[in-house]
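Below: one structure, written as structure tokens.
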Amino acid sequence: MAGMTHNLSSQCRACGAPIVAFMSFGRMPIANGFLKAEEISDEYFFELAPAFCDRCGMFQIMEQPRPEKMFHEQYAFFSSTSHYMQAHFAAFADVIMKEILAGRSDPFVVECGSNDGIMLRHFHDKSIRHLGIEPSANVADVARRLGVCTISAFFNRKLADDIVSEHGRADAILAANVMCHIPDLPGVAVGVQRLLKPDGIFVFEDPYLGDMIAKTSYDQIYDEHVFIFSVNSVMRAFADYGLELVDVAPQITHGGSMRYSLAPKGSRKVAPVVAEQLKKEQAQGLDKAETYARFKKNCESSRSRLMQALDNMRRDGKRVVGYGATSKSTTVTNYCGITPDHVEFISDTTPIKQGKLSPGAHIPVKPYSEFVRDYPDYALLFAWNHAAEIREKEQTFIAAGGRWIVYVPDVSIVA
Ligand code: DWN
């Protein structure tokens with residue numbers, strides 16, 4: 001594998017059983033690979049094809065670009081761009097402090113993929129010992145400037161051992177929107193097992209498979225998301241490493257996520273909600289191949305309906321602008337065939353994305369001021385997971401006659 005530009009697996013990354021893709025989204029670029037015009041000829045592509053493991057229920061992509069291609073010193077996603085997400089992570093930190101750390105002497109918290117310090121800064125503010133692990137050096141720098149202790153590295157068993165030698169074991173290991181990015185899940189599980197105190201807890205959250213299937217939010221599938229987890233697949237993946245799933249809690253973030261709490265086996269009571277969620281997953285058919293065949297059909301129909309709407313708008317001479325140059329939008333634009341003829345530009349508040357082109361589709365990304373300067377007829381809501389926050393602050397756009405094009409859970413035009 002060394003020297004290759006991608007990880008290609010025909011075996012389940014969690015249990016090793018053979019897996020076969022049930023559909024393909026086609027040739028896909030790096031989701032956060034915003035680029036300059038002169039970089040187009042070197043743009044990297046891979047095949048985005050998801051598979052479902054019949055044996056352990058793990059939903060995953062077959063081929064993933066090497067981590068260094070995705071997470072580096074020019075990483076384009078900064079967690080703190082959303083006010084709602086800031087509030088979410090403040091609340092997450094609060095729960096950990098109150099329910100896990102309270103009463104412990106000199107607790108130590110480790111966060112994998114700590115991004116710009118959106119969660120750990122709350123531990124820093126309370127002078128709680130903490131360590132962030134963030135491979136993308138530019139976002140890690142933002143965290144360091146806030147005073148958050150951060151190292152730029154990928155989490156694995158070797159790093160876990162190094163942390164134990166230098167700081168001791170952790171009372172809590174946290175991760176948000178990170179575990180689903182790491183292809184070596186067994187390596188993570190061993191690392192967590194070694195780093196965690198016997199009475200410690202590992203809490204992570206990620207986009208939830210049940211929501212993705214129910215809403216046809218296929219845009220959650222892109223290079224960074226090697227896994228889309230379910231309660232069943234997480235429970236099984238960590239069980240072999242002595243980590244028991246003791247609690248789960250659905251979250252509204254990122255269009256529907258799940259928070260998983262794992263602890264050394266037998267160290268905590270398993271909350272009844274774990275069994276309840278497993279039942280719900282069975283009722284939803286998350287363990288059945290036909291569910292994924294139906295998902296494929298739903299994706300195709302979502303694509304036709306969205307393209308029909310955009311083609312009609314183009315024919316009628318309407319201006320359409322994208323809202324939020326999300327990672328997810330890379331899957332949508334490339335899978336559906338959306339071009340700069342359909343979408344004039346994408347408005348985004350992140351400076352590093354502005355002035356560049358969107359991956360693959362090459363739609364210009366412009367600052368938010370361009371959106372406000374001359375409102376379009378329609379805004380294609382790529383950042384649909386932040387719809388509540390965005391629609392609340394864009395009342396003037398609607399008052400000016402603008403309309404949203406949404407595609408999750410259904411393609412529709414809304415005020
Ligand atoms: O797991 C991941 C999730 C958590 O974040 C990563 N793999 C990468 C990233 O995914 P994403 O890019 O799809 O995340 P968001 O949060 O949906 O991205 C929102 C984008 O929209 C950002 O570029 C910021 C932008 N934005 C904006 O321009 N105006 C966001 C808001 C709320 C706004 O008002």
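Keep in mind that what you see is a predicted model, and the values were worked out from it rather than measured. Counting starts at 1 for both ligands and their atoms, in listed order. The analysis underlying the following values was restricted to heavy atoms, covering all of them including side chains, and did not include hydrogens, waters or symmetry mates.
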Atoms of ligand 1 less than 4.0 Å from [X] heavy atoms?
X: Tyr222; answer: 1 (O), 2 (C), 6 (C), 7 (N), 8 (C), 10 (O)
X: Lys393; answer: 33 (C), 34 (O)
X: Asn177; answer: 1 (O), 4 (C)
X: Asn385; answer: 15 (P), 16 (O), 17 (O)
X: His181; answer: 1 (O), 2 (C), 6 (C), 7 (N)
X: Ile390; answer: 34 (O)
X: Gly324; answer: 21 (O)

If you measure from the Lys or Arg side-chain nitrogens to the Asp or Glu carboxylate oxygens, is any gap between [X] and [Y] under 4.0 Å?
X: Lys158; Y: Asp162; value: yes
X: Asp374; Y: Arg319; value: yes
X: Lys296; Y: Glu300; value: yes

Indicate yes or no: at least one non-hydrogen side-chain atom of Thr253 is less than 4.5 angstrom from one of Glu205. yes
Heavy-atom contact under 4.0 Å between Met85 and ligand 1? no
Ignoring hydrogens, just give me the one of [options] whose non-hydrogen atom is nearest [atom].
atom: atom 29 (N) of ligand 1; options: Phe382, Tyr323, Phe371; answer: Tyr323
atom: atom 1 (O) of ligand 1; options: Glu224, His83, His225; answer: His225
atom: atom 19 (C) of ligand 1; options: Asp348, Ile346, Thr326; answer: Thr326

Could you pull out the closest heavy-atom pair between Ala176 and Phe89, with the gap in Å? CB-CE2, 3.3 Å
Flag His254 as yes when one of its N or O atoms lies below 3.5 Å from any N or O atom of ligand 1, and as no otherwise. no
Examine Phe52 together with Phe59 and report whether their ring centres are nearer than 6.0 Å. no
Count the heavy atoms belonging to other residues, nucleotides or ligands that lie under 6.0 Å from NZ of Lys36, then report whether that count exceeds 12. no
Does either side chain, that of Arg294 or that of Asn298, offer a donor lying less than 3.5 Å from an acceptor on the other one? no
